[in-house]
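Please read these numbers as outputs of a predicted model, since none were measured by experiment.
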Amino acid sequence: MAHAEGLDVETVLPGHGEPGGPEVLERQRRFLESIRDAGRAAVEAGRPLSAVVLERPGMPAYAVAPLPAEVADWAGPVHAAMLRAAYLEAQSGKPYGAYFDKTKP
């Protein structure tokens, strides 16, 4: 993300949402960092996953941990899944994909 922010760009076309300038990259970074930080903070505080992501059978997952106001409008249906992944990464100390790969130590 830092590399992309360092480029001299005029227009950013995100995968969804409105096009914009370099501020789109900055907001994306802040959004992802806030999710990562919320997952880490919960693990460091000894809180269970259920304290940050509410999951009930037959219902969509709900992210309990709020996002900072400046990036809250970026939250969508995958916010809970992203927060769950950030929590599991922090808990395991491994990237999320490696968390499920039992062939890697």
Side-chain angles (χ1 to χ4, degrees):
M1 200 61 153
H3 177 74
E5 285 183 286
L7 298 174
D8 184 25
V9 298
E10 292 180 26
T11 304
V12 175
L13 302 171
H16 53 84
E18 296 295 319
E23 73 281 356
V24 173
L25 297 174
E26 180 187 345
R27 288 192 71 220
Q28 178 70 35
R29 178 185 43 77
R30 288 196 326 243
F31 172 72
L32 294 171
E33 287 173 347
S34 68
I35 291 173
R36 179 203 62 205
D37 294 348
R40 285 180 181 171
V43 169
E44 289 171 2
R47 295 180 14 219
L49 176 60
S50 61
V52 292
V53 178
L54 181 60
E55 298 177 290
R56 299 282 189 253
M59 297 180 68
Y62 176 77
V64 178
L67 288 170
E70 68 268 12
V71 294
D73 61 328
W74 283 51
V78 299
H79 177 215
M82 293 172 73
L83 184 54
R84 183 179 194 281
Y87 180 95
L88 294 174
E89 273 189 356
Q91 187 179 52
S92 70
K94 298 178 182 179
Y96 184 67
Y99 177 80
F100 292 104
D101 187 349
K102 301 299 183 194
T103 65
K104 294 182 181 177

If the threshold is 4.0 Å, N to carboxylate O, is there a salt bridge linking E23 and R27? no
Quick check for you: to the nearest 0.5 Å, what is the distance between L13 atom CG and E18 atom CD? 11.0 Å
Is there a continuous path of hydrophobic side-chain contacts, each under 4.5 Å between heavy atoms, that joins [X] to [Y]?
X   : Y   : value
V78 : V52 : yes
M82 : V24 : yes
V71 : V64 : no

So which atom in [X] and which in [Y] form the shortest heavy-atom distance, rounded to 0.1 Å?
X   : Y   : answer
V9  : P22 : O-CG, 3.6 Å
G39 : L83 : N-CD1, 4.0 Å
A63 : A80 : N-CB, 3.7 Å

So, the side chain of Y87 versus the backbone of L49: is there a donor-acceptor pair under 3.5 Å, distance only? yes
Quick one, I35 and L67 - any side-chain contact, counting heavy atoms below 4.5 Å? yes
Which pairs pass side-chain hydrogen bond (donor to acceptor under 3.5 Å, both in side chains) with one or both residues in residues 35-58, sequence neighbours excluded? E55-R84
